[in-house]
K.L.:
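The structure is given below, and queries will be raised subsequently.
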Number of protein chains: 2
Amino acid sequence: MEVTTYSETEFSPRQQEVLDVVLALLVEGRDGLTMTAVARRASCSKETLYKWFGDRDGLLTATVRWQASKVRAGNWDRQHLDAHALSESLEAFAANWLTVISSRTSVALNRVAIADAGSGKSDLGGIVLANGRLAIGERLKPLLEAAREAGLLLFDDTEVAFRTFFGLVGRDVQIRLLLGDPLAMSRAEIAADAARATRQFFTLFGAAKPAPGTNRN
Amino acid sequence: MEVTTYSETEFSPRQQEVLDVVLALLVEGRDGLTMTAVARRASCSKETLYKWFGDRDGLLTATVRWQASKVRAGNWDRQHLDAHALSESLEAFAANWLTVISSRTSVALNRVAIADAGSGKSDLGGIVLANGRLAIGERLKPLLEAAREAGLLLFDDTEVAFRTFFGLVGRDVQIRLLLGDPLAMSRAEIAADAARATRQFFTLFGAAKPAPGTNRN
DNA sequence: TCTGTACCGTACCGTACGGTACGGCGTCAA
DNA sequence: TTGACGCCGTACCGTACGGTACGGTACAGA
């Protein structure tokens, strides 16, 4: 096994090309993803595919990891956490997450992971879960707790607070997209949704209650 | 084509047996569902299967319809709608819906619908969407609007209010279950979640604001 | 009793896809 | 120059599954 120079990345550039082909084929339709199709589109041989990724599941797993490594959201500013900065950070989180889950790539990948989760082996669902729902939770919770210590938020259980925020942001968007609802989210709608969710979250958990009627829409 | 006596039901008793077999196989694992397996388990011939349901997609579609016809939630009481009755109705809706989406059957069926939604044909996703997310919306919205007219709730857009309720109830439950998270929801947890979501919903949209701090968990 | 019908069980067909084998080509180091 | 290596392209294999055909049986009506 040769020591390569791209040690910080999990996959070689050529392998990344292949994985991007997988993503593209996945977006075009689940059943278009055959090993032969990947090999042809990526201009590589099936033998190489099997050598690099083991089998079909290995290829899918690598693809999920590759995609996950591409969507790492920015962190929040740890300094001067006032109400405004908190609100900005929450909105940014929400907008980023909505953008991710409404992307065609994410929808396609979640579809294969969900389909796979029914069939026992090669825990794709677990990987997607770890890099999606759980990862965002682990990144957001410190912010929530810092806000609580700063006296900006009021809650007992961080997990409950986070899950509520999650629900307010996502609502029915993900399940509708997964089921094929032609729901299009423009940048403006995403921004508006992120703002609304943040507003509602403040109403529920904010230490200083805003004026009533603020969250009617 | 013989006129049968079960005209109010979409499927004959024998056909319902077959569809229940499909559901059972689906729960046991997506890839266990082959036409041969269905025929063997249901003690019928594949020829009959194809005669009744056309093809594999037809069988799946019929199964989704059959399951949808089994989960029709109870309606709310149209009379004397006070704050208490409204709260009870919302909690009942929430608990019923959480029970449905956390059932193994629902998870399995949503998985096949989602897998299918990626592959163009035989709009299973649309059927599930129509009988799930959209159906519950159409049943809940009249209650919300009646409550608004009774001065119990305050909102501009019924859809927005409903979707918020949807998010508060479901949060991350459905996506986690679909992705294979071993999340178990006991009756007690479901009841608690329904109550919490209803409480939070009242905080956001209730005409009379409850005391602050009620929704901290 | 005869005939038609609906259905079960099973054998069969075609195909598509995962996985393997192999020949050929470019590259690099000795 | 030569040999080893990595990779491309393609041909090939086995199998599993969707879909069809067909013989056998039970039953209903004439």
Side-chain angles (χ1 to χ4, degrees), chain A residues 1-7 11-22 24-26 28-64 108 111-112 115-116 118-122 124, chain B residues 1-7 9 11-22 24-26 28-64 111-112 115-116 118-122 124:
Chain A
M1 194 67 68
E2 187 86 3
V3 173
T4 50
T5 57
Y6 42 85
S7 54
F11 304 106
S12 75
R14 183 71 178 103
Q15 288 173 334
Q16 293 178 13
E17 274 183 52
V18 172
L19 297 179
D20 280 329
V21 164
V22 175
L25 283 171
L26 235 36
E28 292 172 21
R30 264 197 79 237
D31 43 354
L33 188 82
T34 67
M35 300 301 277
T36 305
V38 173
R40 190 157 39 217
R41 181 83 69 96
S43 293
C44 72
S45 73
K46 284 170 69 176
E47 194 174 22
T48 304
L49 244 38
Y50 284 101
K51 181 173 187 179
W52 282 347
F53 303 106
D55 57 2
R56 190 175 188 275
D57 281 325
L59 178 60
L60 284 181
T61 304
T63 304
V64 170
R111 283 199 181 125
V112 302
D116 183 273
S119 324
K121 52 176 299 195
S122 83
L124 288 187
Chain B
M1 195 67 68
E2 185 87 2
V3 172
T4 50
T5 57
Y6 43 83
S7 54
T9 70
F11 305 106
S12 76
R14 184 71 179 103
Q15 288 173 336
Q16 293 177 16
E17 275 183 51
V18 172
L19 297 179
D20 280 329
V21 164
V22 175
L25 283 171
L26 233 36
E28 291 172 22
R30 265 197 78 236
D31 43 355
L33 188 82
T34 68
M35 299 302 277
T36 305
V38 173
R40 189 157 40 219
R41 180 82 70 95
S43 292
C44 72
S45 73
K46 284 171 68 175
E47 192 173 26
T48 303
L49 244 38
Y50 284 101
K51 182 173 185 178
W52 283 346
F53 303 105
D55 58 1
R56 190 174 188 276
D57 281 325
L59 179 61
L60 257 335
T61 303
T63 304
V64 169
R111 283 197 180 127
V112 302
D116 184 272
S119 323
K121 52 175 300 195
S122 83
L124 288 186

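Numbers restart at 1 for each chain; the letters A, B, ... are given by sequence-line order, proteins then strands. All values below come from the heavy atoms of this structure, side chains included, with hydrogens, waters and symmetry mates left out.
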K.L.:
Rounded at 0.5 Å granularity, tell me how far CG in A:L124 sits from OG1 in A:T63.
P.N.:
9.0 Å

K.L.:
Answer whether the closest heavy-atom distance between the side chains of A:L33 and A:R56 falls below 4.5 Å.
P.N.:
yes

K.L.:
I need the CZ-C1' distance between B:R40 and C:dA11, as an integer number of Å.
P.N.:
14 Å

K.L.:
Please confirm whether the shortest side-chain N or O distance from B:W52 to OP1 or OP2 of C:dC7 is below 4.0 Å.
P.N.:
yes

K.L.:
When every nucleotide of nucleotides 17-23 of chain C is labelled 5' to 3' by its protein contacts under 4.0 Å (heavy atoms), B for base, S for sugar-phosphate only, - for none, what sequence of letters results?
P.N.:
SSBBBB-

K.L.:
Reckon A:T48 has a side-chain N or O less than 4.0 Å from the OP1 or OP2 of D:dC7?
P.N.:
no

K.L.:
Please report the interatomic distance CZ(A:R41) to OG1(A:T34), rounded to the nearest 0.5 Å.
P.N.:
10.5 Å

K.L.:
Any side-chain heavy atom of A:L60 sitting closer than 4.5 Å to one from A:D116?
P.N.:
no

K.L.:
Whole angstroms only, please: what is the CZ-C1' distance between A:R14 and C:dG26?
P.N.:
14 Å

K.L.:
Could you state the CD-C1' distance from A:E17 to D:dC7, rounded to the nearest angstrom?
P.N.:
13 Å

K.L.:
Starting at atom CG of A:L49, determine the distance to atom P of D:dG9, rounded to an integer number of angstrom.
P.N.:
12 Å

K.L.:
Among A:W52, A:Y50, A:F53, which one satisfies side chain to side chain contact (heavy atoms under 4.5 Å, CB included) with A:L59?
P.N.:
A:F53

K.L.:
Only counting residues at least two apart or in another chain, list the ones meeting side chain to side chain donor-acceptor pair (under 3.5 Å) with A:E17.
P.N.:
A:R14

